[in-house]
Amino acid sequence: MRYISASIVVPVVGSFLKNGVVAIDDSGVIKGVYEQGDVRILQEEKEIYDGVLVPGFVNAHCHIELSHMLGKTKRGTGLPKFLAEVMKMRGSKEKDILRAMAEADAQMWENGIQAVGDHVNTELSAEVKASSRILYHTFVEIMALSKEDIQPRIDRARDIEFYFNAAHSSITAHAPYSCTKDLFKAFRRTVHEDNIFSIHNQESDEENKLFRYREGGFLDFYKEMGLNAEGFRAQARNSVQSYLSHLPKNNRLILVHNTFTSLKDIDFVNRQDRDVYYCICPNANLYIEDKLPKILNFVPDRQAMVIGTDSLASNDRLDILEEMKILVRYFEHLDFMQILPWATLNGARALGMDDVLGSIQVGKRPGLVLLEGMNNLRLHDRVTLRRIA
C-alpha cells in the first residue's frame, strides 16, 4: 500500500483536502482518502509531494490512427481544406503508423491521461490498445453519402469493432457533412441503446452553410474528392438542427468540437431530452479554424462539458492539461476547479467509465497526477505535470 500526500488533494467529488492523503494498492485501486490528521494513517509512512493531486485525465476525443501525421498539415486552412489534406496524405507504411500510435499512447500516459475516446477507421490500433495502460473506448466511424453504401459501411464497421474491447467500443456516424439522413436513420435498426455515439459537430461554419443554404466550402471539397453531394438539400437551419432528430433518441451522444454551435442550437439539443455531452478540443480548433467555441453558451450545463485533444494531424501534442490552459487563458471567467471535472469525471461519464475512474474515490482506479507550480489552485502556463500512479 502507498500513502500519497500532497499540498492539496482534489478528489473531484467532494471538497478538496489540504495535505490530504490517498491510500492506493499495488494495482492502483484507491483504498482510502484521508484528512491530514486522521488517526487511521498517523503511523503510516507517506510519500509527500508539493503540488495539487488530481485523478488522471480523460481525453474524450482523439484519433490515434492519425499520429503519424504530426506536422504534415497546414494550420489555419479551415476544415474542408484540412480534411482534403488528411484524406490525401494519411496513407503510410503500416509499421510507421503502428510506431507513431505506440508513441502517442506512451505520450498520453506520461501526460496523465487515464482514458481516451478514440475514433478509428481501421483495426490497426487494436494491438496498441490491448497492451496499453490507458483504458480506451473505440468509436468506429461510418461515412456514407449514398444509400447503396450504407449497409456495406455498417457491416464493415461491425467487422472492425470486433477487434476492440467489446465493453468499450461502438459504431458512430463520423459527421453531418459525411453522412446522409438515411444513414442516421439506419442506426435506429442497427444499434442497441448502450451504443455510444460520438459525432463531429459544427467544427466549421462551412458545415452550417452546407445545411442552411447548400453552399460553401464543402461543395468544393466534395468536387475535389470526387464525392457525390446530391443527397444534401438546403434545410434553412444549422446542421445539428437538421440531423439530430434522425438519430436514435435513447443512446448517449457526444457532440465533438461545437466551434460554431449557437445558443439556439444548444436550446434545440436540450429540448430533445437526450443524454448529450459537449466535447471541446481547443488546440485543434485553433489549429484548423483559428477559432474557439463560445464557451459561455455551454457553461450553464457544466456536467455536460468534456475535453479532447483531437489528433496529431491537428495538434502538436496529446495533452489535456495544455487544453485546460488554453481554456483559462482565453476565457477569464473559467477557473481550474470549474473545468477539472470536464477533464476527468465528466469525460468518464460520457465514455461509460465513471465506475472505475474520473475521481479519487474508494474502489476506483483513476490514476493520480500531480500538478506542480500552482498557486491557490490557479492554473497558468507554468504549471507542470507529473504522473504519480
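The basis for the numbers below is simple: all heavy atoms, side chains too, and nothing from hydrogens, waters or symmetry mates.
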Passes salt bridge (Lys or Arg N to Asp or Glu O under 4.0 Å), D194 versus R252? Steps please. CA-CA 8 Å; D194 60 353; R252 184 175 305 143; over 6 Å; no
Would you say [X] has more than 12 foreign heavy atoms packed within less than 6.0 Å of its [atom1]?
| X | atom1 | result |
| --- | --- | --- |
| H192 | NE2 | no |
| K81 | NZ | no |
| Q151 | CD | yes |
| D50 | CG | no |
| K46 | NZ | yes |
| Q303 | CD | no |
| K72 | NZ | yes |

Contacts satisfying ring pair (Phe, Tyr, Trp, His ring centres under 6.0 Å) that involve residues 265-290 (not counting sequence neighbours) are Y278-F298
Atom [atom1] of [X] and atom [atom2] of [Y]: how far apart are they, to the nearest 0.5 Å?
| X | Y | atom1 | atom2 | value |
| --- | --- | --- | --- | --- |
| N315 | L66 | CG | CG | 12.0 Å |
| D205 | R212 | CG | CZ | 9.5 Å |
| D265 | R237 | CG | CZ | 11.0 Å |
| N59 | I113 | CG | CD1 | 4.5 Å |
| H68 | S311 | NE2 | OG | 9.5 Å |
| D310 | H257 | CG | NE2 | 4.0 Å |

Of all residues at least two apart in sequence or in a different chain, which pass the ring pair (Phe, Tyr, Trp, His ring centres under 6.0 Å) check with Y3? none
Can you give me the closest heavy-atom contact between [X] and [Y], atom names plus distance?
| X | Y | answer |
| --- | --- | --- |
| V299 | L334 | CG2-CD2, 4.1 Å |
| L351 | G117 | CD1-N, 3.6 Å |
| V9 | V21 | CG2-N, 4.4 Å |

[X] and [Y]: side-chain donor and acceptor closer than 3.5 Å?
| X | Y | value |
| --- | --- | --- |
| N208 | Q202 | yes |
| N251 | E193 | no |
| H137 | S170 | yes |
| S132 | D105 | yes |
| T180 | K147 | no |

Examine Y222 together with F232 and report whether their ring centres are nearer than 6.0 Å. yes
Measure centre to centre between the rings of H174 and H119, then say whether the value is under 6.0 Å. no
Between the side chain of [X] and the main-chain N/O of [Y], is any donor-acceptor distance below 3.5 Å?
| X | Y | result |
| --- | --- | --- |
| R365 | S27 | yes |
| Q43 | I41 | no |
| N285 | I280 | no |
| S131 | E127 | yes |
| H246 | A186 | no |
| K325 | V383 | yes |

Using salt bridge (Lys or Arg N to Asp or Glu O under 4.0 Å), reason through R317 and E323 one step at a time and then give a plain yes or no. CA-CA 10 Å; R317 57 192 299 178; E323 305 295 334; over 6 Å; no
Look at [X] together with [Y] and state whether they make a salt bridge at an N to O cut-off of under 4.0 Å.
| X | Y | value |
| --- | --- | --- |
| R349 | D275 | no |
| R75 | E289 | no |
| R387 | E110 | no |
| R378 | D335 | no |
| R2 | E47 | yes |
| R90 | E85 | no |
| R156 | E123 | yes |
| R99 | D96 | yes |

Run the side-chain contact (heavy atoms from CB on, under 4.5 Å) test on L183 and I142 for me, step by step, so that the C-alpha distance in whole Å, both residues' side-chain angles and the decisive distance to 0.1 Å come before the verdict. CA-CA 9 Å; L183 175 56; I142 302 175; 4.0 Å; yes
Check against ring pair (Phe, Tyr, Trp, His ring centres under 6.0 Å), F197 and F187: CA-CA 10 Å; F197 291 115; F187 283 108; 5.1 Å; yes
Aromatic plane relationship, Y177 with F218 - under 30° parallel, 30 to 60° tilted, over 60° perpendicular: parallel
Pairwise side-chain contact, [X] with [Y], heavy-atom cut-off 4.5 Å (strictly under):
| X | Y | value |
| --- | --- | --- |
| N258 | K294 | no |
| S5 | Y49 | no |
| K364 | L357 | no |
| I295 | N297 | no |
| Y330 | L286 | yes |

Could you walk me through whether N238 and Y243 pass the side chain to side chain donor-acceptor pair (under 3.5 Å) test, one step at a time? CA-CA 9 Å; N238 284 350; Y243 74 82; over 6 Å; no
Is there any salt bridge (Lys or Arg N to Asp or Glu O under 4.0 Å) pair reaching into residues 16-41, and which pairs are they, with sequence neighbours excluded? D25-K31, D38-R40
